[in-house]
Amino acid sequence: MKIQDMLIEALKTLQIPQPTQIQIERTKHPDYGHFSTNLAMMLTKTLRRPPMEIAGEIVKALPKHTDIIEKVEVKAPGFINFFMAPKELQTVVDEILKSGSNYGRSIQGKGKKAQVEFVSANPTGPLTVGHGRQAVLGDSVARILEWNGYEVEREYYYNDAGRQMRILGHSTFVRYRQALGFSDEFPEDHYQGEYISDIAKKIVEKYGDRFKDDPENEIFKNSAEQAVFEDIKATLKRIDIEFDCFYNEKSLYENGEVDAVLKKFEEIGASYEKDGAIWFRAGQYGGSDDRVLWKSVMDEATYRLPDIAYHTTKYKRGFDIVVDIFGADHHATYPDVLAGLKALGYDTSRIKVLIHQFVTLTRGTEKVKMSTRKANYVTVDELIDEVGKDVVRYFFIMRGMNSQLNFDLALAKTEGEENPVFYLQYAHARICSILRNAKIQGIGLNEPFDEGLLQETEALSLLNVLSEFPEVVGICHDTLEPQHMTTYMQKLATAFHKFYTDHRVLTSDRNLSVARIALVRAVRTVLSNGLSFIGISAPEKM
RNA sequence: GCCCCGAUAGCUCAAGUGGAUAGAGCAUCUGCCUUCUAAGCAGGUGGUUACAGGUUCGAGUCCUGUUCGGGGUACCA
C-alpha cells in the first residue's frame with residue numbers, strides 16, 4: 001500500500017525504528033479523511049513522548065505525493081489522517097471496468113483445495129428453518145473461499161443407519177398399513193409429518209399389500225430415505241445450493257477407515273478397554289474427559305469414532321482447509337474429534353469449526369417450538385414460497401452467526417417489499433435502466449471517458465466505497481463471516497442512491513454523461529459481484 | 001456444578017485485528033416526483049452499549065465478578 005511506504009520512508013528520515021506492524025484503517029467519518037493510522041500512538045511507548053508531537057514530525061517527514069494524497073492532518077489524540085486526491089480515487093473506475101466480474105477476487109487461496117461441510121442433516125424429514133440458516137451460511141462460506149481463489153468442494157455428511165432412520169422406516173411401515181386400511185395406531189414418538197404418508201401411498205401404488213406383515217423390510221426405510229433426500233436436494237437447489245459430495249457414514253465401515261482408526265489408537269496407546277468398552281484418552285490430546293469409542297452394550301461405535309475416521313478422510317482427500325459448520329447443539333462434539341485427529345498426528349489447524357446459534361421462530365410474540373418428529377416446524381420450502389429465494393438467503397446471513405436469529409413469521413410477511421435485499425437490487429435495476437436510456441440516446445457504453453469529471457462530493461465518496469470492495473472480500477476470508485459483505489453492500493447502495501438523487505447521469509453535457517455512465521457501470525459491476533458473492537440475483541428490472 | 005453463545009434505540013440487528021462523533025431497517029414525525037425507476041433521497045424523535053469493577057493514551061470490543069436468556073455437558077447423533 002502506498003501510504004504504508006510513505007510512512008516507512010518518514011520513519012527512516014526521522015531515524016525512528018519501524019514497529020512490527022503499521023496499522024492503516026479506513027475511517028468511519030469523512031472528517032477524518034479516507035485512511036488513518038495510529039502509528040504515532042503506537043510509538044509513544046517506545047519513544048516516551050506525546051503522540052501529538054510524534055505525529056507532527058511524521059507528517060513533516062512524509063514524502064510529498066500530491067497526486068495521491070491531497071492533505072494530511074493530525075488529530076487528537078494522535079491520529080494521522082490521509083485525504084486522498086480525487087485523481088487517485090478516480091482511477092478505480094477504470095480498474096473495475098477492466099476487471100469486470102473478476103473485480104475483487106483474491107488469489108490468496110490459489111492452488112489450494114478447500115472443503116466446506118454443512119447441513120449434514122440425516123434424511124428423516126424436510127429441511128426446516130433451522131437447517132436453512134446452516135445451509136445458507138455454509139454455501140456463503142464456500143463462496144467466500146471461491147472468491148479468494150480456493151477450489152472449493154461442498155460436502156453433505158449423513159448417517160442412514162442410526163436409530164432415527166429405523167424409526168423413520170417404521171413410521172413409513174405404519175402409514176403403509178394405514179393406507180391399506182388397517183387401523184394401526186401411529187406411535188407418538190414416530191415421525192408425524194405428512195410426507196411419510198405420501199411415501200407410504202406410493203409403496204401401496206407400486207406393491208399393493210405385499211409387505212403388510214413385513215415391518216423389517218428395507219423398502220420402508222429406503223423409500224423414505226430416497227424420497228426425503230430428493231426433497232432436500234430440490235429445496236437446496238431452489239436457493240442455489242448444490243453439493244459436490246454426499247458422504248455416507250456407512251462407507252467408513254465398508255472401506256475400513258473406522259477399523260484403521262481403532263487400530264492406530266491401540267498402537268499408539270491412545271485408547272484402552274474398561275468395563276468392556278473401548279475408551280479414547282481424549283484428555284491427553286486436548287479434549288476434556290476420556291470418551292467411549294466402542295460401546296459394550298450394543299457392540300457398536302459411538303458417533304465419535306466414525307466422526308474421527310470421517311475427518312481423516314478429509315486429510316487423505318487432500319484438502320488444505322476444511323470448514324465444518326455445526327449448530328450450537330453440536331458444539332460439544334468437535335473438541336473430541338479434534339483431539340482424535342491430534343492423536344493420529346494430523347495438523348488440526350487446517351480445520352475451522354464454525355458454530356452458529358439457533359433460529360428462534362416466533363409468530364408475533366408467540367414462540368414456535370420446532371421438532372421434526374412432531375412435524376411442527378416451518379420448512380425452508382415454505383419460507384421460499386413466502387418471501388422468495390433472495391430474501392431467504394439474505395435474511396440468514398445478514399446477522400452474525402453467533403447471535404440467535406429471531407425470525408418473526410408475521411413480520412416476514414409484512415416486511416416483504418421493504419426488505420433490505422430489495423434496496424440492493426433496486427440500485428442495480430436503476431443502473432440498468434439508465435444504461436438502457438443511454439443506449440436510446442445513442443451514447444455508447446464503452447466510449448472513452450474523462451474520469452476527472454467525476455468530482456462532486458457524492459461521486460468521490462461513491463468512488464471511495466467502490467475501492468473498498470476487494471478489502472471486504474479479504475475481511476470475509478479472514479473471518480469467514482459473510483455478513484461483512486451484506487453490510488458493505490448496504491453502504492455501497494446508499495452511496496449510489498445518494499449520488500443518483502443529487503446528480504443526473506444523462507445530462508446535456510455529453511462528456512459528463514459519458515464519464516458518469518462509466519461510473520455507474522463500475523457501480524453496477526461491484527453490485528453484481530457483491531450480490532453474486534452472497535448468492536443473490538441482480539435483476540435488470542424491478 | 002462445569003463448558004459454549006448472547007445482552008447495543010420502542011422492535012429486529014450492524015459496528016475486521018481495541019480507535020475518534022456507536023450505525024442501519026422497522027415504527028413515528030416533517031419535507032422532496034411536469035427531467036435517467038419515489039422499492040429512492042434529506043431531516044426530526046429515539047442510547048449511561050444488562051450491571052459492578054479492572055487493564056490503557058483510548059473499551060460495545062480485552063480481563064474478573066454478578067444478573068437474565070439460549071445451547072450443551074451420555075456406552076443418543
Side-chain angles (χ1 to χ4, degrees), chain A residues 21 23 25-29 31-32 36 38 40-42 44-45 50-52 75-79 81 120-122 159 162-164 249 275-279 288-289 291-304 306-307 327-333 335 355-358 360 398-408 411 414-423 425-427 429-438 440-441 471-472 474-479 481 483-484 486-487 490-491 493-494 496-507 513 516 520 541-542:
Chain A
Q21 210 195 350
Q23 287 182 28
E25 292 181 313
R26 284 192 183 261
T27 59
K28 278 184 198 161
H29 201 280
D31 289 355
Y32 303 140
S36 84
N38 59 1
M41 290 178 283
M42 300 298 283
T44 188
K45 277 174 208 154
M52 289 297 282
K75 276 255 170 77
F79 289 103
N81 295 333
S120 296
N122 287 344
N159 170 17
R163 203 175 91 89
Q164 291 175 42
E249 180 189 310
D275 307 328
I278 300 175
W279 294 68
S288 43
D289 300 313
R291 305 291 190 186
V292 170
L293 290 175
W294 198 273
K295 307 175 199 172
S296 61
V297 203
M298 310 273 288
D299 194 34
E300 65 179 18
T302 65
Y303 63 91
R304 290 186 189 90
D307 270 7
D329 56 337
H330 278 59
H331 89 268
T333 72
I355 307 285
H356 66 88
Q357 299 299 310
F358 285 159
T360 317
M398 66 192 289
R399 316 299 192 202
M401 68 182 99
N402 284 334
S403 324
Q404 276 173 53
L405 189 66
N406 188 357
F407 197 117
D408 188 335
L411 206 68
T414 56
E415 260 189 8
E417 301 196 338
E418 285 147 24
N419 200 294
V421 68
F422 292 102
Y423 184 73
Q425 295 180 318
Y426 185 54
R430 260 184 161 176
I431 295 172
C432 292
S433 171
I434 295 170
L435 297 179
R436 281 191 295 269
N437 288 328
I440 292 167
Q441 293 185 20
E471 291 160 37
V472 178
I475 289 170
C476 287
H477 170 269
D478 296 343
T479 58
E481 290 173 345
Q483 83 272 14
H484 295 295
T486 64
T487 309
Q490 289 296 324
K491 194 169 152 189
T494 300
F496 166 73
H497 286 307
K498 173 74 178 146
F499 175 82
Y500 176 92
T501 308
D502 293 352
H503 307 285
R504 285 187 56 86
V505 172
L506 304 175
T507 64
S513 302
R516 287 184 176 168
V520 297
K541 274 185 190 171
M542 283 177 76

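The sequence lines fix the lettering, A, B, ..., with proteins before strands; numbering per chain opens at 1.
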Peer 1: Could you give the distance separating U45(B) and A24(B) at their P atoms, to the nearest angstrom?
Peer 2: 14 Å
Peer 1: Using a cut-off of 4.0 Å on non-hydrogen atoms, how would the nucleic acid contact of His356(A) be classed: base, sugar-phosphate, or nothing?
Peer 2: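 Result for His356(A) = nothing.
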Peer 1: Should Gln404(A) be listed as having a side-chain N or O under 4.0 Å from OP1 or OP2 of C13(B)?
Peer 2: no
Peer 1: Is the distance from OP1 or OP2 of C36(B) to the nearest side-chain N or O of Thr501(A) less than 4.0 Å?
Peer 2: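 Looking at the OP1 and OP2 atoms of C36(B), neither is under 4.0 Å from any side-chain N or O of Thr501(A).
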Peer 1: Round to the nearest Å and state the distance from Lys28(A) atom NZ to A20(B) atom C1'.
Peer 2: 8 Å
Peer 1: What integer distance in Å separates Glu481(A):CD from U17(B):P?
Peer 2: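 Atom-to-atom, Glu481(A) to U17(B), this comes out as 9 Å.
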Peer 1: Which atoms form the tightest heavy-atom contact between Pro77(A) and Pro51(A), and what is the distance?
Peer 2: O-CG, 3.3 Å
Peer 1: With syn defined as a glycosidic angle within 90° of 0 and anti as the rest, where does C26(B) land?
Peer 2: anti
Peer 1: Starting at the 5' end of RNA chain B, which residue's closest nucleotide do you reach first, Arg436(A) or Gln490(A)?
Peer 2: Gln490(A)
Peer 1: So does Asn81(A) reach the base of A20(B) with its side chain, donor to acceptor, closer than 3.5 Å?
Peer 2: yes
Peer 1: Rounded to the nearest Å, what distance is computed from the CD1 atom of residue Ile434(A) to the P atom of nucleotide G40(B)?
Peer 2: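 Distance check: Ile434(A) CD1 to G40(B) P gives 15 Å.
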Peer 1: Between U17(B) atom P and His477(A) atom NE2, what is the distance in whole Å?
Peer 2: 17 Å
Peer 1: Between Gly400(A) and Glu300(A), just flag the one whose closest nucleotide in RNA chain B comes earlier from the 5' side.
Peer 2: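 Closest to the 5' end, via its nearest nucleotide, is Gly400(A).
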Peer 1: When you get a sec, tell me which of U17(B), C36(B), C3(B) is the closest nucleotide to the side chain of His331(A)?
Peer 2: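 Of the options given, the side chain of His331(A) lies nearest C3(B).
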Peer 1: Quick one: is C4(B) close enough that its OP1 or OP2 comes under 4.0 Å of any side-chain N or O from Asn402(A)?
Peer 2: no
Peer 1: When the P atoms of U12(B) and U8(B) are considered, how many whole Å apart are they?
Peer 2: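 Here U12(B) and U8(B) have their P atoms 8 Å from each other.
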Peer 1: Nearest of G19(B), U21(B), C75(B) to any side-chain atom of Met42(A)?
Peer 2: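 Closest nucleotide to the Met42(A) side chain: G19(B).
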Peer 1: If C11(B) has a Watson-Crick or G-U wobble mate with both distances under 3.5 Å, name it; if not, just say none.
Peer 2: G25(B)
Peer 1: Tell me the partner of U73(B), counting only Watson-Crick (N1-N3 plus N6-O4 or O6-N4) or G-U wobble (N1-O2 and O6-N3) with both under 3.5 Å; none if nothing fits.
Peer 2: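 Result: G1(B).
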Peer 1: Taking the P atom of each, how far is C57(B) from A15(B), in whole Å?
Peer 2: 28 Å
Peer 1: Checking all strands, does Ile355(A) fall into the base, sugar-phosphate, or nothing category for heavy-atom contacts under 4.0 angstrom?
Peer 2: nothing
Peer 1: What is the base-pairing partner of G6(B), counting Watson-Crick and G-U wobble geometry with both distances under 3.5 Å?
Peer 2: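 By the stated definition (distances under 3.5 Å), C68(B) pairs with G6(B).
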Peer 1: Which listed nucleotide (G19(B), A39(B), A14(B)) is nearest to the side chain of Tyr426(A)?
Peer 2: A39(B)
Peer 1: Suppose you measure atom P in A20(B) against the same atom in C4(B); what distance do you get, rounded to whole Å?
Peer 2: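 Looking at atom P only, A20(B) and C4(B) are 29 Å apart.
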Peer 1: Taking N and O atoms by type only, does the side chain of Ser36(A) place a donor or acceptor under 3.5 Å from a partner on the base of A20(B)?
Peer 2: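 Flag set: donor-acceptor pair detected.
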Peer 1: I'd like to know if the side chain of Thr302(A) and the backbone of Val292(A) have a donor-acceptor N/O pair within less than 3.5 Å.
Peer 2: yes
Peer 1: Let me know the distance between CG of Asp289(A) and P of C75(B), rounded to the nearest Å.
Peer 2: 10 Å
Peer 1: If U55(B) has a Watson-Crick or G-U wobble mate with both distances under 3.5 Å, name it; if not, just say none.
Peer 2: none
Peer 1: For the C1' atoms, the ones on U49(B) and on U21(B), what distance do you get once it is rounded to whole angstrom?
Peer 2: 15 Å
Peer 1: Does U49(B) pair with anything, Watson-Crick or G-U wobble, both distances under 3.5 Å, and if so, with which nucleotide?
Peer 2: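 No nucleotide pairs with U49(B).
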Peer 1: Mind running side chain to side chain contact (heavy atoms under 4.5 Å, CB included) on Tyr500(A) and Ile434(A) for me, showing each step along the way?
Peer 2: CA-CA 10 Å; Tyr500(A) 176 92; Ile434(A) 295 170; 3.7 Å; yes
Peer 1: Which nucleotide, G40(B), A77(B), A20(B), lies nearest any side-chain atom of Asn159(A)?
Peer 2: A77(B)
Peer 1: Name all residues meeting the side-chain contact (heavy atoms from CB on, under 4.5 Å) criterion together with Tyr423(A); count only those two or more places apart in sequence or in a different chain, and write none if there are none.
Peer 2: Gln490(A), Ala493(A), Thr494(A), His497(A)
Peer 1: Has Met52(A) got more than 12 heavy atoms of other residues, nucleotides or ligands less than 6.0 Å from its CE?
Peer 2: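 Atom CE in Met52(A) is packed in, count exceeds 12.
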Peer 1: Within the side chain of Thr44(A), is there an N or O that forms a donor-acceptor pair under 3.5 Å with the backbone of Met41(A)?
Peer 2: no
Peer 1: For the side chain of Ser433(A) and the backbone of Ala429(A), is there at least one donor-acceptor N/O pair under 3.5 Å apart?
Peer 2: no
Peer 1: Hey, is Tyr423(A) doing a stacking thing with A39(B), by the 5.5 Å centroid and 30° angle criteria?
Peer 2: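 Not stacked by the 5.5 Å and 30° rule.
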Peer 1: With respect to the side chain of Asp275(A), which nucleotide from C75(B), G19(B), C4(B) is positioned closest?
Peer 2: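 Nearest to the side-chain atoms of Asp275(A), counting from C-beta on, is C75(B).
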Peer 1: Where the side chain of His497(A) is concerned, which of G40(B), U21(B), A42(B) is the nearest nucleotide?
Peer 2: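 Nearest to the side-chain atoms of His497(A), counting from C-beta on, is G40(B).
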Peer 1: Mind checking if Ala429(A) touches a base, just sugar-phosphate, or nothing, with heavy atoms under 4.0 Å?
Peer 2: base
Peer 1: Is the shortest side-chain N/O distance from Lys295(A) to OP1 or OP2 of C76(B) below 4.0 Å?
Peer 2: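 Yes, Lys295(A) has a side-chain N/O under 4.0 Å of OP1/OP2 on C76(B).
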Peer 1: Asp329(A) side chain: which of U12(B), G72(B), C36(B) is closest?
Peer 2: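 Output: G72(B).
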Peer 1: Can you tell me how far CH2 of Trp294(A) sits from CD of Glu300(A), rounded to the nearest 0.5 angstrom?
Peer 2: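 If I round to the nearest 0.5 Å, the distance is 8.0 Å.
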Peer 1: Rounded to whole angstrom units, what separation is found between the CG atom of Asp307(A) and the P atom of A77(B)?
Peer 2: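 Taking CG of Asp307(A) and P of A77(B), I get 9 Å after rounding.
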Peer 1: In whole Å, what separates the P atom of G23(B) from that of G65(B)?
Peer 2: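 G23(B) and G65(B) have their P atoms separated by 32 Å.
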Peer 1: From C-beta outward on Ser403(A), which listed nucleotide comes closest to its side chain: U35(B), A14(B), G16(B)?
Peer 2: A14(B)
Peer 1: Grab the CD-C1' distance between Gln483(A) and G25(B) for me, whole Å please.
Peer 2: 16 Å
Peer 1: Look at the side chain of Asn38(A) and decide which nucleotide, out of A14(B), G19(B), A39(B), has an atom nearest to it.
Peer 2: G19(B)
Peer 1: For C41(B), what is the paired nucleotide under Watson-Crick or G-U wobble rules, both distances under 3.5 Å?
Peer 2: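 Pairing partner: G31(B).
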Peer 1: For Phe358(A), which contact category applies under a 4.0 Å heavy-atom criterion: base, sugar-phosphate, or nothing?
Peer 2: sugar-phosphate
Peer 1: In whole Å, what separates the C1' atom of G40(B) from that of U35(B)?
Peer 2: 16 Å
Peer 1: How long is the gap from OG1 on Thr501(A) to CZ on Phe496(A), to the nearest 0.5 Å?
Peer 2: 8.5 Å
Peer 1: Between atom CZ in Arg430(A) and atom P in U35(B), what is the gap in whole Å?
Peer 2: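 Computing the Arg430(A):CZ to U35(B):P distance gives 13 Å.
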Peer 1: Does the base of C75(B) carry an N or O that pairs as donor and acceptor with the side chain of Ser296(A) under 3.5 Å?
Peer 2: yes
Peer 1: Between Tyr500(A) and G40(B), do the rings stack, that is, sit under 5.5 Å apart with planes less than 30° off each other?
Peer 2: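 The ring of Tyr500(A) is not stacked on G40(B).
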Peer 1: Could you check whether Pro51(A) gets within reach of a base, just the sugar-phosphate, or nothing at all, counting any heavy atom under 4.0 Å?
Peer 2: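 Here Pro51(A) touches no strand at all.
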Peer 1: Tell me, please, which residues at least two apart from Arg504(A) pass side-chain hydrogen bond (donor to acceptor under 3.5 Å, both in side chains).
Peer 2: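 Partners of Arg504(A) by the side-chain hydrogen bond (donor to acceptor under 3.5 Å, both in side chains) criterion come out as none, since no residue qualifies.
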Peer 1: Taking atom C1' in both G54(B) and A9(B), what distance in whole Å separates the two?
Peer 2: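 One C1' to the other, the span is 28 Å.
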Peer 1: Side chain of His330(A) only, please: which of A77(B), A20(B), U37(B) is the nearest?
Peer 2: A77(B)
